Amino acid sequence: MAKPSKLEKVRNLGVVAHIDAGKTTVTERFLFYSGRIHKIGEVHEGATQMDWMPEERERGITITAAATTFTWKGCELHLIDTPGHVDFTIEVERSLRVLDGAVVVFSAVDGVEPQSETVWHQADKFHVPRISFINKMDRIGADWQNVIEQMKTRLGAKPAPMQIPVGFEEKFRGVVDLLAMKQTIWDGDEEETPESTEIDADLVAEATAAREKLVEAVADVDDLIAEKYLSGEAIDAETLAAAVRRACVAQKIVPVFMGTALRNKGIQPLLDAVVDYLPSPLDVPPVKGVRPGTEEVVERGPDEKAPLAALAFKVAMFEGRKTVFVRVYSGTLSVGDEVWNARLKKTEKVARLFLVHADRREKIDRVSAGWIVAAMGLKDCATGDSLSSTKDQLILERIDTYEPVISAAVEVVNTVDKDKLEQALAKLVDEDPTFRVRVDEETAETIISGMGELHLDIMHDRIEREYGVPTRMGRPQVVHRETVLGEGLGEGRIERTNPEDETDLIFGAATVRVRALPRGSGVQVKNAVPPPPADLPKPLLVKMPIAIAAAMAGVKEGVVTGPEGYPVEDLEATVMSVEPRENVKSDVGWRIAAQTALRRAIQAAGPAMLEPIMDVEVVVPEEFLGAVVGDLSARRAQIEDVGFRGQLRTVNAKLPLKALFGYSTAVRSSSQGRATFTMRFAKFDAWS
């Protein structure tokens, strides 16, 4: 059995970045230099440890967050390598929810890219301390100072460079450590230990100035360093390092390191920084939860003697068996334990526990607070479920998910495989909260929905490859939303006898008003029924609150889908009046009346369809800029900015998702394959 390390020696971290910034390459070097693996695999060769799925190796991208555990300088590191593609943002979201720190990788050539911003703001959301690594310092056009500036302007960060480079572009060979004021040089051979030397004479002045800036940056957020700095006292490396750690854990600064992972330069100092500056479970605030059935907020620190509090943050299928990834915040989790699932309101039993290395597992019997582990036996557990002691139940904050923006019909090639398809889809839905399945009532087609074309393509591949079900997938279709453009009033009334019981009167009458809300407001349901008159007979007074509650429930059910069958957004629905009636046994009549009134109010207010609008960034050489802008304009794009990124041009635009079908082929064709583009969901809106 693996013996849990002391918590101060544990680091739970993720590696996050824009696609192609080098996350998986950095992770692969982490594993090699820590001794976890003995041969480096490359992404472009489809041979990395962490991109273990066939779909990942074929495409050279990370699709699912992969976990691993290794040691460095006596510390136990639990690391999650996350995807960079926007279609798999949920993988980053649910990983950051349970991690204590993150390494954010930027390309020295491309700087802060769209998905870099997305993952950065996700880390902000969960208050995750970060260090950053500027990768690809050996590439033509590498500009680390530009990346630092973009971190300030585009991310609102306070970067604190801990190093400066020795050489640039193809002559990059090492870094100057601004704490120790020593130079570290790599010869590029992965087996060689880096050489520590005195700083080159031509770099001494630059390094001295850079260290002074670092001290100033730390002094701005740390009183001890500020006092020493203002008094002119020399600040040694150990004192400065301790202050950098305090400021990083408090999210006041972001220590910045640099290198080129593919050429094996800069990885050891980055691993040192993970241990030195990112928090242990003891350094982060206690997790907060609510006791079931009460509003009492409870805090749980990383104490193994406290009652169990854990969060299921990811579900995966290993060899066809359901595996749940769990972060233990307090208490202990052992094989054979019964745990309380707050969502299901029942207990489940832990059958097995594993430490995970990509797609390989190591059996353990017990883990304690602060650890991330994989569990089997939790058959009904889902992403975001709270797991706690049966005697001291707790509900932790759930993980937000995302609504799909694209759908496609899928059908089996052979009718006999229909049941197998249903089983495969059920397992995929269990794994991925952004993947949805429904059966169209009119056509009886099975419709799958996801976050983008790539997302659906990969799910289709997995249905065929993992579950052995040959299928056909239709052309992707956009998922819409419904709203109203103005204000409208509707009335609903029903009065009839229940055919099964003539003494049972089904009655209801209600008036509902709807009005448009600004984009992004969601749906609001309100009650504006005036107080009943004082002379209203007592039997009607008794029915009044029942009628109001039923009408409100009917409206809440009615706004789930609009007249065209899509979810409703940006709408306020208000119950204006209800009519009570004696001798009514059931409240179903008021529900029906309110839903009828709602539909009529929506029609009166001017219903409208909303479609997913995407933020798109195209990076293209100057000579193809006109062709790219012209093509975007033809697709009804709203061009928001045309700028520079080094010697390349950038085009930022908004346009409907349906206009982007096939765009990857079109943009390659119009730029001789030299343009790249990224897109991410912006909002649902009407588009002229």
Side-chain angles (χ1 to χ4, degrees), residues 15-27 42-44 59-62 81-89 92 102-123 130-157 159 161 165 168-170 172 254 256-263 265-266 270 614-625 628 640-653 663-664 667-668 671-680:
V15 181
V16 298
H18 185 90
I19 191 170
D20 282 339
K23 299 175 309 305
T24 301
T25 304
V26 168
T27 303
E42 304 296 0
V43 173
H44 59 270
R59 293 169 171 85
I61 63 171
T62 302
D81 176 32
T82 64
H85 197 285
V86 67
D87 284 13
F88 309 103
T89 298
V92 184
V103 176
V104 186
V105 181
F106 298 102
S107 162
V109 178
D110 300 309
V112 176
E113 298 176 273
Q115 190 66 4
S116 308
E117 294 184 55
T118 300
V119 298
W120 191 271
H121 295 316
Q122 285 174 310
R130 279 145 276 178
I131 60 177
S132 69
F133 181 68
I134 301 177
N135 193 26
K136 305 185 181 182
M137 287 291 293
D138 61 326
R139 297 284 184 88
I140 294 173
D143 187 344
W144 68 276
Q145 290 169 317
N146 182 54
V147 179
I148 295 292
E149 193 58 34
Q150 288 185 1
M151 289 177 67
K152 294 176 183 175
T153 57
R154 298 183 64 173
L155 303 177
F168 64 96
E169 296 182 343
E170 71 274 8
F172 173 77
V254 179
V256 179
F257 299 82
M258 57 194 70
T260 171
L262 191 63
R263 306 291 175 226
K265 299 176 183 178
L270 184 60
M614 313 301 287
D615 280 323
V616 174
E617 181 179 76
V618 185
V619 181
V620 60
E622 176 80 45
E623 61 264 39
F624 305 110
L625 178 63
V628 166
E640 297 189 324
D641 180 62
V642 178
F644 291 89
R645 181 172 294 164
Q647 297 182 359
L648 299 173
R649 302 302 301 270
T650 60
V651 183
N652 292 93
Y663 184 64
S664 57
V667 77
R668 283 197 297 267
S671 64
Q672 297 179 9
R674 296 171 64 191
T676 60
F677 86 99
T678 55
M679 66 176 180
R680 54 180 175 171

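Note that the coordinates shown come from a computational prediction; the quantities given were computed from them, not determined experimentally.
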Heavy-atom check, side chain of [X] versus side chain of [Y], under 4.5 Å:
X: R649; Y: V642; answer: yes
X: V619; Y: E617; answer: yes
X: V105; Y: V15; answer: yes
X: V254; Y: W120; answer: yes

S671: side chain to side chain donor-acceptor pair (under 3.5 Å) partners, not counting sequence neighbours: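 Not a single residue meets the side chain to side chain donor-acceptor pair (under 3.5 Å) criterion with S671.
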- prompt: Can N135 and F257 be said to form a side-chain contact (heavy atoms from CB on, under 4.5 Å), step by step?
  reply: CA-CA 9 Å; N135 193 26; F257 299 82; over 6 Å; no
Approximate separation, where rounding is to 0.5 Å, of [X] [atom1] and [Y] [atom2]:
X: R263; Y: K136; atom1: CZ; atom2: NZ; result: 11.0 Å
X: S132; Y: M151; atom1: OG; atom2: CE; result: 3.5 Å
X: M137; Y: M258; atom1: CE; atom2: CE; result: 5.5 Å
X: I134; Y: T260; atom1: CD1; atom2: OG1; result: 12.5 Å

query: Is it true that a side-chain atom of R139 and a backbone atom of E169 form a donor plus acceptor pair closer than 3.5 Å?
result: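 Between the backbone of E169 and the side chain of R139 there is no qualifying donor-acceptor contact (under 3.5 Å).
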- prompt: Taking K265 for the side chain and F172 for the main chain, is one N or O donor matched with an acceptor at less than 3.5 Å?
  reply: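 Answer holds: yes.
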query: For F677, which residues count as a ring-ring contact (aromatic ring centres under 6.0 Å, His included) partner, sequence neighbours excluded?
result: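 Only Y663 meet the ring-ring contact (aromatic ring centres under 6.0 Å, His included) criterion with F677.
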field: F644 vs T650, side-chain contact (heavy atoms from CB on, under 4.5 Å): CA-CA, chis, key distance, verdict
entry: CA-CA 6 Å; F644 291 89; T650 60; over 6 Å; no
field: Residue of the set V256, V104, V103 for which side-chain contact (heavy atoms from CB on, under 4.5 Å) holds with I131
entry: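 When side-chain contact (heavy atoms from CB on, under 4.5 Å) is applied between I131 and each of V256, V104, V103, only V103 qualifies.
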- request: Could you tell me which non-hydrogen atom of A21 sits nearest to which non-hydrogen atom of S107, and how far apart they are?
  value: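 Closest heavy-atom pair between A21 and S107: CB-N, 4.2 Å.
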Acceptor/donor pairs from residues 141-150 side chains to any protein atom, 3.5 angstrom cut, sequence neighbours excluded:
unit_1, atom_1, unit_2, atom_2, d
D143, OD1, Q145, N, 3.3
D143, OD1, N146, N, 3.1
Q150, OE1, V112, N, 2.7

- request: Test side-chain contact (heavy atoms from CB on, under 4.5 Å) on V620 and L648 and set out the steps.
  value: CA-CA 6 Å; V620 60; L648 299 173; over 6 Å; no
message: Looking at F624, I'd like to know if its CZ atom is crowded, meaning that more than 12 non-hydrogen atoms belonging to other residues, nucleotides or ligands lie closer than 6.0 Å.
response: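 Buried by this count: over 12 neighbours within 6.0 Å.
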message: Checking V616 against N652 for the side-chain contact (heavy atoms from CB on, under 4.5 Å) test, could you report, in this order, the C-alpha distance in whole Å, the side-chain angles of both residues, the deciding distance, and whether it holds?
response: CA-CA 6 Å; V616 174; N652 292 93; over 6 Å; no
